[in-house]
Amino acid sequence: MEVGLMRRQWIQYIEGLIHEGTLDGQYLQLLQLQDESNPTFVSEVVTLFFEDTEELLNKLRIAISQPPVDFKKIDDHVHQLKGSSSSIGALRVKNVCVDFRTACEQQSPDWCSSCLQQVEQEFYGVKEKLSYLYALEKRILNAGGSIPADLSF
């Protein structure tokens with residue numbers, strides 16, 4: 001496939017992720033930190049987010065399932081997840097974390113369990129979508145193209 005066509009697909013895909021609320025403007029700001037000397041900067045940062053979030057989700061599953069529920073510990077994990085998701089622009093994950101923190105404040109195990117399911121759903125959704133995006137990026141770079149860094153929608 002032609003590099004120009006793949007770049008247009010890449011741009012349209014990101015635009016779609018922003019318009020559907022999966023990503024926000026923070027992701028575009030992260031892209032601006034990427035340049036030709038480090039064309040995979042964003043995918044490397046997001047890959048670290050994926051790895052860290054998998055660990056946090058495991059910790060949350062354990063914390064919620066072990067009575068007595070330590071809501072402070074859960075809230076600390078959710079706060080960390082909220083910050084990291086916000087820093088990469090994972091808007092839906094961040095938004096569910098806001099509700100999750102409220103569930104912790106209310107000390108509601110059922111609400112926390114529900115929020116954990118929602119966080120997992122949003123996380124795995126954004127992971128799948130960004131994995132597709134990075135596969136497309138790799139094809140663009142392997143074909144000799146570059147990734148645009150300055151996008152505005």
Side-chain angles (χ1 to χ4, degrees), residues 1-64 72-105 112-153:
M1 183 183 301
E2 178 206 338
V3 171
L5 179 59
M6 287 189 289
R7 281 174 54 112
R8 283 189 297 280
Q9 280 182 324
W10 181 86
I11 291 168
Q12 290 171 347
Y13 193 73
I14 290 178
E15 186 175 21
L17 293 177
I18 289 173
H19 287 301
E20 73 184 22
T22 299
L23 298 177
D24 64 17
Q26 181 62 34
Y27 187 82
L28 298 178
Q29 290 181 4
L30 197 57
L31 279 174
Q32 291 177 352
L33 301 175
Q34 183 167 280
D35 59 25
E36 291 194 22
S37 67
N38 193 359
T40 58
F41 172 76
V42 175
S43 64
E44 291 169 12
V45 169
V46 172
T47 297
L48 290 173
F49 166 74
F50 291 160
E51 292 168 0
D52 291 347
T53 299
E54 293 280 358
E55 269 185 54
L56 280 172
L57 290 174
N58 285 331
K59 289 177 181 178
L60 284 166
R61 282 185 212 102
I62 291 167
I64 287 174
K72 171 72 172 117
K73 185 178 194 178
I74 293 170
D75 186 59
D76 289 346
H77 294 319
V78 175
H79 180 72
Q80 183 180 350
L81 178 56
K82 180 179 173 258
S84 60
S85 60
S86 180
S87 71
I88 67 140
L91 181 61
R92 287 185 180 169
V93 175
K94 180 191 84 167
N95 288 344
V96 175
C97 287
V98 171
D99 289 342
F100 204 156
R101 293 197 72 203
T102 302
C104 289
E105 289 172 13
C112 284
S113 293
S114 175
C115 287
L116 176 59
Q117 289 175 353
Q118 291 174 343
V119 165
E120 288 175 322
Q121 179 180 344
E122 295 301 340
F123 168 70
Y124 289 115
V126 76
K127 184 177 180 181
E128 179 181 326
K129 290 172 181 181
L130 289 177
S131 294
Y132 170 81
L133 183 69
Y134 299 139
L136 183 56
E137 274 186 21
K138 189 173 183 179
R139 289 176 37 213
I140 292 167
L141 294 171
N142 289 342
S146 63
I147 304 303
D150 192 16
L151 301 175
S152 59
F153 302 111

Let me see the working for Ile14 and Leu28 under side-chain contact (heavy atoms from CB on, under 4.5 Å), right down to the final yes or no.
-> CA-CA 9 Å; Ile14 290 178; Leu28 298 178; 4.1 Å; yes
Nearest heavy-atom contact between Ile64 and Ser113 is CG2-OG, 3.3 Å
Minimum heavy-atom distance between Cys115 and Val96, given as atom pair plus value | O-CG1, 3.7 Å
Lys59 and Glu54: salt bridge (Lys or Arg N to Asp or Glu O under 4.0 Å), yes or no, with the steps?
-> CA-CA 9 Å; Lys59 289 177 181 178; Glu54 293 280 358; over 6 Å; no
Working to the nearest 0.5 Å, report the span between CG of Leu23 and NZ of Lys129.
-> 9.0 Å
List the steps, then state whether side-chain contact (heavy atoms from CB on, under 4.5 Å) holds for Val126 with Leu17.
-> CA-CA 9 Å; Val126 76; Leu17 293 177; over 6 Å; no
State, to 0.1 Å, how close Arg7 and Ser146 come at their nearest heavy-atom pair, and which atoms those are.
-> NH1-O, 2.5 Å
Would you kindly say whether Arg92 and Ser85 are connected by a side-chain donor-acceptor distance under 3.5 Å?
-> no
Side chain proximity check, Tyr124 to Val119, heavy atoms < 4.5 angstrom | no
Non-hydrogen side-chain atoms of Lys73 and His77 separated by less than 4.5 Å = yes
Nearest 0.5 Å, what's the CG-CD1 distance between Asp35 and Ile147?
-> 12.5 Å
Can you tell if the side chain of Lys82 reaches within under 4.5 Å of the side chain of Val98, non-hydrogen atoms only?
-> yes
Does the side chain of Leu130 come within less than 4.5 Å of Phe50's, by heavy atoms?
-> yes
Which pair of non-hydrogen atoms, one from Val42 and one from Gln34, has the smallest distance, and what is that distance?
-> N-OE1, 2.9 Å
Note, Phe100 side chain near Ile74 side chain (heavy atom, < 4.5 Å) | yes
Lys127 atom NZ: more than 12 heavy-atom contacts under 6.0 Å | yes
Does the side chain of Pro148 reach to within under 4.5 Å of the side chain of Ile11, using non-hydrogen atoms?
-> yes
For the pair Glu120 and Arg61, find out whether any cationic side-chain nitrogen is under 4.0 Å from an anionic carboxylate oxygen.
-> yes
Worked verdict on Lys72 versus Glu105 for salt bridge (Lys or Arg N to Asp or Glu O under 4.0 Å) | CA-CA 8 Å; Lys72 171 72 172 117; Glu105 289 172 13; over 6 Å; no
Quick one: does Asn95's side chain get under 4.5 Å of Leu91's, heavy atoms only?
-> yes
Gap separating the OG atom of Ser87 from the NZ atom of Lys94, nearest 0.5 angstrom | 11.0 Å
Supply the atom-to-atom distance Cys104 SG to His79 NE2, rounded to the nearest 0.5 angstrom.
-> 12.0 Å
Considering only heavy atoms from C-beta outward, does the side chain of Phe123 approach that of Leu56 to under 4.5 Å?
-> no
Please tabulate, for the side chains in residues 132-144, all donor-acceptor contacts under 3.5 angstrom to protein atoms that are two or more places apart in sequence or on a different chain.
from	atom 1	to	atom 2	distance (Å)
Tyr134	OH	Tyr27	OH	2.8
Glu137	OE2	Trp10	NE1	3.1
Asn142	ND2	Lys138	O	3.3

In Å and rounded to the nearest 0.5 Å, what is the CG to CG distance from Leu33 to Asn38?
-> 10.0 Å
May I ask you to decide if Gly83's main-chain N or O and Ser86's side chain share a donor-acceptor pair within less than 3.5 Å?
-> no
SG/Cys112 to CD/Gln117 distance, rounded to the nearest 0.5 angstrom?
-> 12.0 Å
